[in-house]
Q: 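Have a look at this one before I ask anything.
Since this is a predicted model, take the numbers as computed values, not measurements. The chains referred to below are lettered A, B, ... by the order of the sequence lines, with proteins before strands, and numbering in each begins at 1.
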Amino acid sequence: MDKKIRTRFAPSPTGGLHLGGVRTVLFNYLFTKQNNGEFILRIEDTDQTRFVEGAEEYINETLAWCGLQPDESPVKGGPYAPYRQSERKEIYRKYAEELVEKGIAYYAFDTPEELDTKRKEIPNFKYDLSTRNSLNNSLTLSDDEVKELLDKNTPHVIRVKMPEENETVSFVDLIRGEVHFNTSESDDKVLLKADGMPTYHLAVVVDDYLMKITQAFRGEEWLPSAPVHVYLWKHLFGIENMPQWAHLPLILKPDGNGKLSKRDGERLGFPVFAMNWTDPRTNESTQGFRERGFLPEAFVNMLAVLGWNDGTEQEIYSMDELLEKFSVEKIHKGGAKFSYDKALWFNHEWIKKLSAEKLLPYIKNVFAEKNIVVKDDAVLLKVIDLVKERCTLLPDFVEQSSFFFQSPDTLDIASVLPKWNEHKNNFFIELIRSYELATAFDAETLEHSFKEMAAASQLKPGELMLPFRIMLVGGKFGPHVFDIAAVLGKEETVKRIKRGLSILEN
RNA sequence: GGAGCGUUGGUCAAGGGGUUAAGACACCUCCCUUUCACGGAGGAAUCACGGGUUCGAUUCCCGUACGCUCUACCA
């Protein structure tokens, strides 16, 4: 039992990594690192027809962005390389044939077309104990016939022969407890395809064994085929060497029911992929959480509590806290509907939580995209602290603070004009004079002199603050006006008041 | 159709044989703020249904309903 903990994430490179995939990685990673184990990335690219260029790189980049780096991977290498199943092709045939010799598997020569017509003719057709004796395989053919077909390189597959007697396979799932299946319910899954590649069913078992995997996390959709894997383990490597299974609950659509899909994101207007993804075949691109303006901390946090809760009221977790508090036993059994509103809330919380220094590179990036030039990082740091609590997504910083770095294009004078008069106009002329002479230009003294002058002019400060804000900011938003003026500095503040006045005059 | 898994407010969820059934998101009202936010207060659940077991069940057991997943030479 003091075996080194080893887990794996085994995606197939067919497109962008979605929420569910990243969460599987997260839970895997958390569990592994809590136990000083090793986390492996294994690429399951056994289906050449579904292989998509760039998908593997995308997975690597996503893991890096989330801070979930594997200890062994195709890129990083490791003692059990290669980590791409297509490069391990030669390994699998041996095991499939071993199974044939043991009578646990058999050769099948039925063509896909033949099986297709069977499926059309017979409702609920399954290649299983009820049909295999009337099909074209080494169970029905004589040894000589089989040998001849094999010698002639006739295309064939190897299928498991699920037991005929009512054998119950049960195993303990880390999340669901004991799960039972009757083996006769499973069909005779293909293990080795005609092209010599293994199917998932053979490949997971073989590779999990060869790579000494101790715990296997995967989505709940795999539960029905688990008995096949357990059966294979039993005859290939022994049940006692089988990893512990953990079938994670699904992430569901926010509306209705069913697995969350890329389509739902498009339909409802939120990302489902971690990062931008462009399908090289269709050129169709999908926005990711990263490009939408999510912080990796928030993304990871949001995923962690989708289907897991530590029993306390805590909702905001850093990676370190997750590493400390995560537990597999507290993962839920039922699926959870994804809520984009909640995801936004997490991002907002993380923007508030992170220091201006940490936020700085993200904000500069977002500004650069809008061609906003920031000359002085120290100013930007101050600005970030001033506006961060009103930003939910990173690009919100542009809206909320671009006026610090460039004068607003237009002023919302409609909000001022109806109540604008000569009296107020004079006040601002006075204010310009006063501010020009000011020796200190901090928010507090600015506010103080502003209010004193207002009192002297028999005006309520409140009536003057909105026009002042519009002149500086352009609209009805942003931090306290005097904080803004202080950051802007004397010259710029005065300049903007003058400009505002000239616009209001017309 | 079959098998497996699941079911606490609109959503995420805590809890667990006896409770006023936590908390968060969203929504609404109010307070704070003469901007927008933040923040604060308040507002919603006969714990899917029906049977048991029990002095007592939302909590344990069995059914039913509903939902989901799988049922490919895809993963």
Q: Can you tell me how far C1' in B/rC28 sits from the matching atom in B/rA44, rounded to whole Å?
A: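 Taking atom C1' in both B/rC28 and B/rA44, they lie 11 Å apart.
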
Q: When you compare B/rC70 with B/rA14, how far apart are their P atoms, in angstrom units rounded to a whole number?
A: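 Result for the P pair: 25 Å, nearest Å.
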
Q: Does the ring center of A/F404 lie less than 6.0 Å from the ring center of A/F397?
A: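 No - the distance between ring centres of A/F404 and A/F397 does not fall below the 6.0 Å cut-off.
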
Q: Check every atom of B/rC38, B/rC36, B/rC74 against the side chain of A/F477 and return the nucleotide holding the closest atom.
A: B/rC36

Q: Should B/rG10 form a Watson-Crick or G-U wobble pair with both distances under 3.5 Å, which nucleotide is its partner?
A: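 Matched B/rG10 with B/rC25 under the 3.5 Å cut-off.
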
Q: Both distances below 3.5 Å, Watson-Crick or wobble geometry, any strand: find the nucleotide opposite B/rU34.
A: none

Q: Can you check the A/K253 NZ to B/rU69 C1' distance for me, whole Å?
A: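 To the nearest whole Å, that distance equals 13 Å.
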
Q: Looking at every strand, decide which applies to A/T111 at a 4.0 Å heavy-atom threshold: base, sugar-phosphate, or nothing.
A: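 A/T111: base contact, heavy atoms under 4.0 Å.
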
Q: Any strand counts, and the cut-off is 3.5 Å on both contacts for Watson-Crick or G-U wobble. Which nucleotide pairs with B/rA3?
A: B/rU69

Q: Applying side-chain hydrogen bond (donor to acceptor under 3.5 Å, both in side chains), name anything that partners A/H448, two or more places apart in sequence or on another chain.
A: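 Only A/E452 meet the side-chain hydrogen bond (donor to acceptor under 3.5 Å, both in side chains) criterion with A/H448.
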
Q: Taking syn as within 90° of 0 and anti otherwise, name the glycosidic form of B/rC30.
A: anti

Q: Contact class for A/S12 (heavy atom, under 4.0 Å): base, sugar-phosphate, or nothing?
A: sugar-phosphate

Q: Classify the ring geometry between A/W233 and A/Y209 as parallel (under 30°), tilted (30 to 60°) or perpendicular (over 60°).
A: perpendicular

Q: Mind calculating the distance between CD (A/E313) and P (B/rA22) to the nearest angstrom?
A: 11 Å

Q: Ignoring hydrogens, what is the shortest heavy-atom contact between A/P408 and A/R496? Give both atom names and the distance.
A: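 Closest approach of A/P408 to A/R496, heavy atoms only: CD-NH1, 3.8 Å.
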
Q: Could you list all N or O pairs between the protein and nucleotides 29-34 of chain B that sit under 3.5 Å apart?
A:
{"residue": "B/rU34", "atom": "O4", "partner": "A/G462", "partner atom": "N", "Å": "2.6"}

Q: Just compare B/rC68, B/rC25, B/rA75 and give me whichever is closest to any side-chain atom of A/L250.
A: B/rC68

Q: Contact class for A/P249 (heavy atom, under 4.0 Å): base, sugar-phosphate, or nothing?
A: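 Counting heavy atoms under 4.0 Å across all strands, no contact is made by A/P249.
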
Q: What's the gap between B/rG4 and B/rA41 when it is taken at their P atoms, as a whole Å value?
A: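 Their P atoms lie roughly 49 Å apart.
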
Q: Looking across every strand, which nucleic acid part, if any, lies under 4.0 Å from A/D110 by heavy atom: base, sugar-phosphate, or nothing?
A: base

Q: When both hydrogen-bonding distances must be under 3.5 Å and the geometry is Watson-Crick or G-U wobble, what is B/rA44 paired with, if anything?
A: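 Base partner found: none.
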
Q: For B/rA14, take OP1 and OP2 only and decide whether either is under 4.0 Å from a side-chain N or O of A/K330.
A: no

Q: Roughly, in whole Å, what's the span from OH in A/Y317 to P in B/rA13?
A: 13 Å

Q: Hey, which sits more toward the 5' end of RNA chain B by its nearest nucleotide, A/E220 or A/Q85?
A: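 Result: A/E220.
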
Q: If you check the A/K193 side chain, which of B/rA75, B/rC70, B/rG4 turns out closest?
A: B/rA75

Q: Across all strands shown, which nucleotide pairs with B/rC49 by Watson-Crick or G-U wobble geometry, both distances under 3.5 Å?
A: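 Because both required distances fall under 3.5 Å, B/rC49 counts as paired with B/rG63.
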
Q: Work out how far the P atom of B/rA65 is from that of B/rC49, and round it to whole angstrom.
A: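 Their P atoms lie roughly 16 Å apart.
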
Q: Taking the nucleotide of RNA chain B with the closest heavy atom to each, which residue, A/K333 or A/P479, is nearer the 5' end?
A: A/K333

Q: Atom CZ of A/F346 to atom P of B/rA26: distance rounded to whole Å?
A: 11 Å

Q: Tell me whether A/R390 forms a cation-pi arrangement with A/F477, defined as NZ or CZ under 6.0 Å from the six-membered ring centre and within 45 degrees of its axis.
A: no

Q: In terms of side-chain heavy atoms of A/R390, which of B/rG4, B/rC73, B/rA37 is nearest?
A: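 Nearest nucleotide to the side chain: B/rA37.
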
Q: OP1, OP2 of B/rC70 versus side-chain N and O of A/K126: anything below 4.0 Å?
A: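 No, outside the criterion.
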
Q: Give the minimum heavy-atom separation between A/P74 and A/L41, together with the two atoms involved.
A: CD-O, 3.4 Å

Q: For the side chain of A/R119, counting heavy atoms from C-beta on, which of B/rC73, B/rG67, B/rC74 is nearest?
A: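 Between B/rC73, B/rG67, B/rC74, the one nearest the side chain of A/R119 would be B/rC73.
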
Q: Output the rounded distance in Å from CD1 (A/I122) to C1' (B/rG1).
A: 15 Å

Q: For A/T46 and B/rC74, is the shortest distance between a side-chain N/O and OP1 or OP2 below 4.0 Å?
A: no

Q: Which nucleotide sits closest to the side chain of A/W345: B/rG4, B/rC73, B/rA24?
A: B/rA24

Q: Taking the C1' atom of each, how far is B/rU7 from B/rU64, in whole Å?
A: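 After rounding to an integer number of Å, I get 13 Å for this pair.
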
Q: A/V473 near the nucleic acid: base, sugar-phosphate alone, or nothing, with a heavy-atom cut-off under 4.0 Å?
A: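 Nothing, no heavy atom under 4.0 Å.
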
Q: Grab the CG-P distance between A/L260 and B/rC68 for me, whole Å please.
A: 14 Å

Q: Atom CD1 of A/I251 and atom C1' of B/rC68: how far apart are they, to the nearest Å?
A: 14 Å

Q: How many whole angstroms separate atom CG of A/D207 from atom P of B/rA75?
A: 13 Å

Q: Compare side-chain N and O positions of A/K189 against OP1 and OP2 of B/rC73 and report whether any pair is under 4.0 Å apart.
A: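 Checking B/rC73 against A/K189, no side-chain N or O comes under 4.0 Å of OP1 or OP2.
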
Q: Is it the case that the side chains of A/K388 and A/Q400 hold a donor-acceptor pair, with the cut-off being a distance below 3.5 Å and no angle test?
A: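 No, A/K388 and A/Q400 have no side-chain donor paired with an acceptor closer than 3.5 Å.
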
Q: According to the interplanar angle, ranging from 0 to 90°, do the rings of A/W222 and A/Y200 count as parallel (below 30°), tilted (30 to 60°) or perpendicular (above 60°)?
A: parallel

Q: Between the side chains of A/E167 and A/N182, does any donor sit under 3.5 Å from an acceptor?
A: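 Judged by distance alone, the side chains do not pair up.
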
Q: In terms of side-chain heavy atoms of A/N309, which of B/rA37, B/rA13, B/rA75 is nearest?
A: B/rA13

Q: Set out, line by line, the N/O atom pairs under 3.5 Å between protein and nucleotides 8-12 of chain B.
A:
{"residue": "B/rC12", "atom": "OP1", "partner": "A/K337", "partner atom": "N", "Å": "3.2"}

Q: Among B/rC70, B/rG2, B/rG4, which nucleotide sits nearest the side chain of A/E185?
A: B/rG2

Q: Within the 3.5 Å criterion, strictly below it, is a donor on A/H247 or A/R218 matched to an acceptor on the partner's side chain?
A: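 Distance-only check passes for A/H247 and A/R218.
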
Q: State whether a side-chain donor-acceptor pair under 3.5 Å links A/T312 with A/D310.
A: yes

Q: Give the minimum heavy-atom separation between A/F181 and A/L223, together with the two atoms involved.
A: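 Between these two residues, the closest heavy atoms are CZ-O, 3.4 Å.
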
Q: Using the C1' atoms only, state how far B/rG23 lies from B/rC31, rounded to an integer number of Å.
A: 22 Å

Q: Under 4.0 Å, counting only non-hydrogen atoms across every strand here, what does A/L191 touch: a base, just sugar-phosphate, or nothing?
A: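 It contacts nothing in the nucleic acid.
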
Q: Please determine, by modelled atom types, if A/D110 and A/Y127 share a side-chain donor-acceptor pair under 3.5 angstrom.
A: yes

Q: Heavy atoms only, 4.0 Å cut-off, all strands: where does A/G478 land among base, sugar-phosphate and nothing?
A: base

Q: Given that both distances must come in under 3.5 Å, which nucleotide forms a Watson-Crick or G-U wobble pair with B/rC55?
A: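 Pair assignment: B/rC55 / B/rG18.
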
Q: Can you tell me how far P in B/rG67 sits from the matching atom in B/rU11, rounded to whole Å?
A: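 That atom pair is separated by 15 Å.
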
Q: Can you classify the ring geometry of A/F338 versus A/F289 as parallel (below 30°), tilted (30 to 60°) or perpendicular (above 60°)?
A: perpendicular

Q: Assign A/E389 to base, sugar-phosphate, or nothing according to its heavy-atom contacts below 4.0 angstrom with the strands shown.
A: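 The answer is base, as A/E389 lies within the cut-off (heavy atoms under 4.0 Å) of a base atom.
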
Q: So does A/R159 get a side-chain nitrogen or oxygen closer than 4.0 Å to the phosphate oxygens (OP1/OP2) of B/rA72?
A: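 No.
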
